[in-house]
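Before any comments, here is the structure.
Note on naming: letters A, B, ... go to the chains in the order of the sequence lines (proteins, then strands), and numbering restarts at 1 for each one. Note that these values count all heavy atoms, side chains included, but never hydrogens, waters or copies made by symmetry.
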2 protein chains.
Amino acid sequence: MLYSIGEMAKLLSLPASTLRYYDQEGLLPGLTRSPGGTRMFTETDYKALMVIDCLKQSGLSIKEIKAFMELAAGGDETIGDRLALFRGRKAALEAQIEELQETLALLSYKCWYYETAQAAGTEDAVQNLPPDQVPEAHRAAMARLEVRRLAEEEAGK
Amino acid sequence: MLYSIGEMAKLLSLPASTLRYYDQEGLLPGLTRSPGGTRMFTETDYKALMVIDCLKQSGLSIKEIKAFMELAAGGDETIGDRLALFRGRKAALEAQIEELQETLALLSYKCWYYETAQAAGTEDAVQNLPPDQVPEAHRAAMARLEVRRLAEEEAGK
DNA sequence: ACTTGACTTAAAGTTCACTTTAACTGTTAC
DNA sequence: GTAACAGTTAAAGTGAACTTTAAGTCAAGT
């Protein structure tokens with residue numbers, strides 16, 4: 001089964017111009033052309049594009065993805081390099097997700113904060129709430145807003 | 001406690017130029033200046049900058065964050081709007097994290113793939129592996145690489 | 001007073017990942 | 001065959017988020 005650039009663009013829900021750009025940047029070394037010069041995408045190209053998206057989401061730049069694609073074109077000799085790359089990306093993404101979980105906790109705290117403020121009709125009510133009335137679940141997020149971090153406890157300035 | 005732009009930059013581990021840029025873009029409406037014109041950052045500004053980072057991580061642009069900061073400057077009347085914004089950001093980030101979990105699953109599959117290929121000395125060995133020898137945990141990720149999605153099952157072309 | 005380092009501004013420059021344009025050519029349906 | 005549509009290229013343009021530059025001012029220590 002072969003796909004035109006328009007068909008492939010629909011399958012991936014992205015503009016055809018992006019596929020041309022990726023091709024131009026060397027992200028699709030295996031891509032073939034019809035006698036007339038039209039790009040013909042195969043299922044293998046589809047898989048490559050899914051992996052490209054995956055690497056992109058993991059934080060790689062287009063140039064870095066190109067380097068990986070060249071590795072992949074290098075065959076079995078580069079299996080070790082590619083394994084190392086995926087292990088690195090996996091670790092990076094795990095770290096990234098952890099960071100986003102902390103961000104999420106802060107957003108949850110802010111939702112609680114504004115829900116409480118809304119119920120009271122004013123923000124002051126939440127600001128003046130004794131700390132022990134803040135739900136346990138939000139304490140850590142709340143603490144992240146405090147300065148401290150990095151400053152090694154200077155004596156009262 | 002007051003901080004110079006350099007001190008605040010260190011606390012946040014970002015360049016002072018970024019803080020000037022944020023100020024210029026209107027992200028710090030409460031920021032005051034010394035008689036000589038030097039920016040003086042308070043703990044409130046620190047908190048605001050933590051929230052800015054949080055909103056940025058949740059996918060908001062600088063312009064959108066500015067709009068929020070203006071809302072916040074509007075006082076108690078805008079509590080409802082701000083609550084709605086944080087709820088929206090929370091939902092968006094939750095969706096984003098789910099997506100990254102899927103990406104992570106694909107990376108895990110790729111790690112397994114290359115570990116197996118490395119053990120066999122060639123990629124072909126993994127390619128030719130009967131599907132039931134692929135660990136259950138990786139089946140879904142593997143399936144995501146297949147075309148199908150969106151195509152409504154055309155009769156054998 | 002003077003040096004040094006950190007601050008100030010406006011404006012221009014950078015990087016990234018596309019996106020658009022213009023002029024043209026290939027492909028498909030009638 | 002021809003219209004209309006989908007494809008092609010090289011090159012220029014876009015928008016976001018900074019970053020750098022240049023020229024100058026402020027603040028702290030000696």
Side-chain angles (χ1 to χ4, degrees), chain A residues 1-28 31-42 45-46 48-69 92 96 103 154 157, chain B residues 1-28 31-42 45-46 48-69 89 92 96 99 103 154 157:
Chain A
M1 183 62 184
L2 293 173
Y3 304 92
S4 71
I5 198 169
E7 289 165 340
M8 187 51 69
K10 265 190 191 162
L11 284 176
L12 296 163
S13 309
L14 48 79
S17 62
T18 301
L19 291 177
R20 290 201 190 91
Y21 168 68
Y22 285 174
D23 185 23
Q24 186 177 297
E25 295 301 307
L27 266 51
L28 300 166
L31 193 59
T32 60
R33 302 288 187 114
S34 77
T38 296
R39 291 175 184 83
M40 298 184 308
F41 290 79
T42 65
D45 295 319
Y46 178 85
L49 284 160
M50 293 299 283
V51 171
I52 284 168
D53 181 59
C54 169
L55 292 173
K56 208 154 55 92
Q57 296 246 52
S58 86
L60 282 198
S61 70
I62 296 295
K63 266 190 192 167
E64 290 166 323
I65 295 173
K66 176 190 176 168
F68 167 75
M69 287 308 179
Q96 166 70 358
T103 298
E154 10 73 13
K157 267 188 188 175
Chain B
M1 181 64 184
L2 293 175
Y3 304 92
S4 71
I5 197 169
E7 289 165 340
M8 187 50 70
K10 265 190 191 162
L11 285 177
L12 296 164
S13 309
L14 48 79
S17 62
T18 300
L19 291 177
R20 290 201 191 91
Y21 168 67
Y22 285 174
D23 185 23
Q24 187 176 297
E25 294 304 305
L27 264 51
L28 299 165
L31 192 60
T32 60
R33 303 287 187 117
S34 77
T38 296
R39 291 174 185 83
M40 299 185 309
F41 290 79
T42 65
D45 295 319
Y46 178 86
L49 283 161
M50 293 299 283
V51 171
I52 285 168
D53 181 59
C54 169
L55 291 174
K56 208 154 56 94
Q57 296 246 52
S58 86
L60 280 199
S61 70
I62 297 295
K63 266 189 193 168
E64 290 166 324
I65 296 173
K66 176 190 176 167
F68 167 75
M69 288 305 180
R89 284 301 92 202
Q96 166 70 358
E99 207 184 318
T103 298
E154 12 71 15
K157 267 190 186 174

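Between A/T38 and C/dG26, a side-chain N or O to OP1/OP2 separation shorter than 4.0 Å is absent. Regarding contacts with the backbone of D/dC18, a side-chain N or O of B/K56 is found under 4.0 angstrom from either OP1 or OP2. For the pair B/R33 and C/dT9, the criterion of a side-chain N or O lying under 4.0 Å from OP1 or OP2 is met.
D/dC18 atom C1' lies 15 Å from atom CG of B/D23, rounded to whole Å. Note: OH (A/Y3) to C1' (C/dT27) measures 20 Å, nearest angstrom. Computed from coordinates, the B/R20 CZ to D/dT25 C1' distance equals 13 Å when rounded to whole Å. Distance, B/Y21 OH to C/dA10 P: 15 Å, rounded to whole Å. In this structure, CD of B/E7 is placed 8 Å from P of C/dC7, rounded to the nearest angstrom.
With contacts defined as side-chain heavy-atom distances shorter than 4.5 Å, the pair A/L55/A/E64 does not qualify. Here the side chains of A/Y22 and A/I62 are in contact, with some heavy-atom distance below 4.5 Å. Using a 4.5 Å heavy-atom cutoff, the side chains of A/M69 and A/I52 are in contact.
Distance from the side chain of B/S34 is smallest for D/dA27 among the nucleotides C/dT8, D/dA27, D/dT19. Listed nucleotides C/dT19, D/dT20, D/dC18 differ in distance to B/T18; the shortest reach to its side chain belongs to D/dC18. Here D/dC18 is the nucleotide among D/dT20, D/dC18, D/dT8 with the atom lying nearest to any side-chain atom of B/Y22. Picking from D/dC18, D/dA27, D/dT8 the nucleotide with the shortest atom distance to the side chain of A/I5 gives D/dT8. Among the nucleotides D/dA17, C/dT9, D/dT19, the one closest to any side-chain atom of B/R39 is C/dT9.
When B/L11, B/L12, B/L27 are each tested for a side-chain contact (heavy atoms from CB on, under 4.5 Å) with B/L49, only one passes: B/L12.
Comparing B/I62 and A/A16 against DNA chain D, the residue whose closest nucleotide sits nearer the 5' end is A/A16.
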